[in-house]
Amino acid sequence: IGKTDIGQVRQRNEDAFSLHLPIWAAVADGMGGHLGGEQASNLAIQSLEDELLPQNQPSDGQIDSWIASAIEDANSLVYKHSLDNPELAGMGTTLSLIYFSNSRMYWGHIGDCRIYLYRDNTLRLLTKDHALVGKEGHSSNILTRALGVGQYIKVDTGSLAVFPGDHLLVCSDGLHGFVENNDLKNTFDSLKGKPNAILDSLFEKVNQQGSRDNLTAVCWLVE
């Protein structure tokens with residue numbers, strides 16, 4: 001299930017997501033004023049939708065590089081759009097992607113969206129935030145890597161075997177920045193097997209705090 005919310009403060013939603021069962025999902029969190037962030041996240045997602053087609057999937061040994069290449073192409077699209085539209089200079093987006101093939105989950109990641117794995121009552125963060133460390137060890141909102149802000153990018157990739165009962169959570173910092181890891185794990189513990197209820201509960205927790213950012217997430221249950 002995928003869900004997005006403008007939050008309690010922002011005037012527009014600069015997040016975007018795509019969910020293509022049973023193959024892949026992605027979450028993007030745009031940045032840049034004058035509609036730049038909104039355009040960047042949507043352009044990146046649209047680029048992936050054009051490329052991550054079943055008929056384009058390579059052999060298993062090349063899926064990691066294929067995902068990285070698709071994200072690099074999205075970067076080129078967003079970067080060129082910013083060059084062609086000076087009022088959008090500095091537009092960019094973070095992006096996290098999960099892709100399933102033959103009982104494995106592959107991921108691509110740049111920025112500070114996150115991918116979590118919940119398995120056997122244990123919550124594990126699979127990605128590393130590309131952001132400067134702020135107060136109390138938390139990531140700040142100053143990114144060290146993002147999509148669309150330069151001609152070239154470095155994409156983190158990885159993969160792991162998945163099993164029935166696994167939950168994957170892909171989310172923007174508007175969610176993970178306002179929910180502590182213990183609360184995140186407790187939500188999965190109490191609502192495991194119910195991805196829709198998990199997202200509803202997490203979004204309610206954030207909005208009760210007067211969420212200062214857009215929040216977007218995909219929760220994927222492996223069956």
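For clarity, every value in this text was computed on a predicted model and none was experimentally measured.
At most 12 heavy atoms of other shown residues, nucleotides or ligands fall within 6.0 angstrom of atom CD in Q11. Within a 6.0 Å radius of NZ in K185, other residues, nucleotides and ligands contribute more than 12 heavy atoms. Counting heavy-atom neighbours within 6.0 Å of E223 CD, excluding the residue itself, gives a total of 12 or less. Atom CZ of R124 is surrounded by 12 or fewer heavy atoms from other residues, nucleotides or ligands within 6.0 Å. Atom CG of D84 has more than 12 heavy atoms from other residues, nucleotides or ligands within 6.0 Å.
In this structure, V149 and A146 approach most closely via the heavy-atom pair CG2-O, 3.8 Å. R119 and A161 get closest at one heavy-atom pair: NH2-O, 2.8 Å. Heavy-atom minimum distance, I23 versus P54: CD1-CG, 3.7 Å. Minimum heavy-atom separation, G7 to N207: CA-OD1, 4.0 Å. Closest approach of M91 and A40 over heavy atoms only: CE-N, 3.4 Å. Between N75 and G148 the shortest heavy-atom distance is OD1-N, 2.5 Å.
For the atom pair CG (L53) and CG (N56), the distance works out to 5.0 Å, reported to the nearest 0.5 Å. Here the CG-CG distance, from D50 to D73, works out to 10.5 Å after rounding to the nearest 0.5 Å. The CD1 atom of I67 lies 12.0 Å from the CD atom of E51; values are rounded to the nearest 0.5 Å. Rounding to the nearest 0.5 Å gives a distance of 8.5 Å between OG of S47 and CG of L147. With values rounded to the nearest 0.5 angstrom, Q46 atom CD is found 12.0 Å from S41 atom OG. Of the inter-residue distances, the one linking D29 atom CG with S96 atom OG reads 10.0 Å to the nearest 0.5 angstrom.
A salt bridge is absent between R145 and D112; no separation between the charged side-chain nitrogens and carboxylate oxygens falls under 4.0 Å.
Under the ring pair (Phe, Tyr, Trp, His ring centres under 6.0 Å) criterion, H130 pairs with H109, not counting sequence neighbours.
Counting only N and O atoms by type, the side chains of T127 and R114 include no donor and acceptor under 3.5 Å apart.
Of the possible donor and acceptor atoms, none in the side chain of T122 sits under 3.5 Å from a partner among the backbone N and O of Y118. Side chain of N13 to backbone of D15: a donor-acceptor contact under 3.5 angstrom is found. In terms of modelled atom types and a separation under 3.5 Å, the side chain of T187 and the main chain of D183 share a donor-acceptor contact. With hydrogens and angles disregarded, no donor-acceptor distance shorter than 3.5 Å links the side chain of S201 to the backbone of A197. Panel note: side chain N42, backbone Q39; no donor-acceptor pair is recorded below 3.5 Å. A donor-acceptor pair is defined here as one N or O able to donate and one able to accept, closer than 3.5 Å; no such pair exists between the side chain of H20 and the backbone of S18. A side-chain donor-acceptor contact under 3.5 Å links N214 to the backbone of E14. Formation of a donor-acceptor pair under 3.5 Å by the D129 side chain with backbone atoms of A131 is not found in this model.
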Stepwise side chain to side chain contact (heavy atoms under 4.5 Å, CB included) test for L95 and L48: CA-CA 11 Å; L95 179 73; L48 293 178; 3.8 Å; yes
Could you please spell out the steps behind the side chain to side chain contact (heavy atoms under 4.5 Å, CB included) verdict for D156 and I110? CA-CA 6 Å; D156 289 353; I110 182 168; over 6 Å; no
Which is it for S172 and T94 under the side chain to side chain contact (heavy atoms under 4.5 Å, CB included) test, yes or no, and what are the steps along the way? CA-CA 8 Å; S172 66; T94 65; over 6 Å; no
Under the side chain to side chain contact (heavy atoms under 4.5 Å, CB included) rule, what do V155 and T157 come out as? Steps first, then yes or no, please. CA-CA 6 Å; V155 180; T157 59; 4.1 Å; yes
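Side-chain atoms of L175 and F203, non-hydrogen and from C-beta on, do get closer than 4.5 Å to each other. Counting heavy atoms from C-beta on, the side chains of H176 and L184 never come closer than 4.5 Å. Side chains of D189 and L123 form no contact here, defined as non-hydrogen atoms less than 4.5 Å apart. For the pair K192 and N121, the minimum side-chain heavy-atom distance is below 4.5 Å. In this structure, W24 and E49 have side chains that are in contact, with non-hydrogen atoms separated by less than 4.5 Å. For the pair Q62/D64, no side-chain contact is recorded, criterion being any heavy-atom separation below 4.5 Å from C-beta on.
Hydrophobic cluster membership is shared by Y116 and V206, with clusters built from Ile, Leu, Val, Met, Phe, Trp and Tyr side chains linked at under 4.5 angstrom. In the hydrophobic clustering of this structure, L125 groups with F188; members are Ile, Leu, Val, Met, Phe, Trp, Tyr whose side-chain heavy atoms approach within less than 4.5 Å, directly or through other members. Both L191 and L202 belong to a single network of hydrophobic side chains, linked directly or stepwise wherever heavy atoms of I, L, V, M, F, W or Y lie under 4.5 Å apart.
Grouping Ile, Leu, Val, Met, Phe, Trp and Tyr residues whose side-chain heavy atoms lie under 4.5 Å apart, directly or via other members, places L117 in a hydrophobic cluster with F17, L19, L21, V27, I98, F100, M105, W107, I115, L126, L160, V162, L168, V170, V218, W220, V222.
Residue K3 forms a side chain to side chain contact (heavy atoms under 4.5 Å, CB included) with just one option from L215, L199, N196, and that option is L199.
K205 forms no cation-pi arrangement with F178, by the criterion of a distance under 6.0 Å to the ring centre and an angle within 45° of the ring axis.
The list of ring pair (Phe, Tyr, Trp, His ring centres under 6.0 Å) pairs with a residue in residues 46-66, not counting sequence neighbours, reads W66-Y99.
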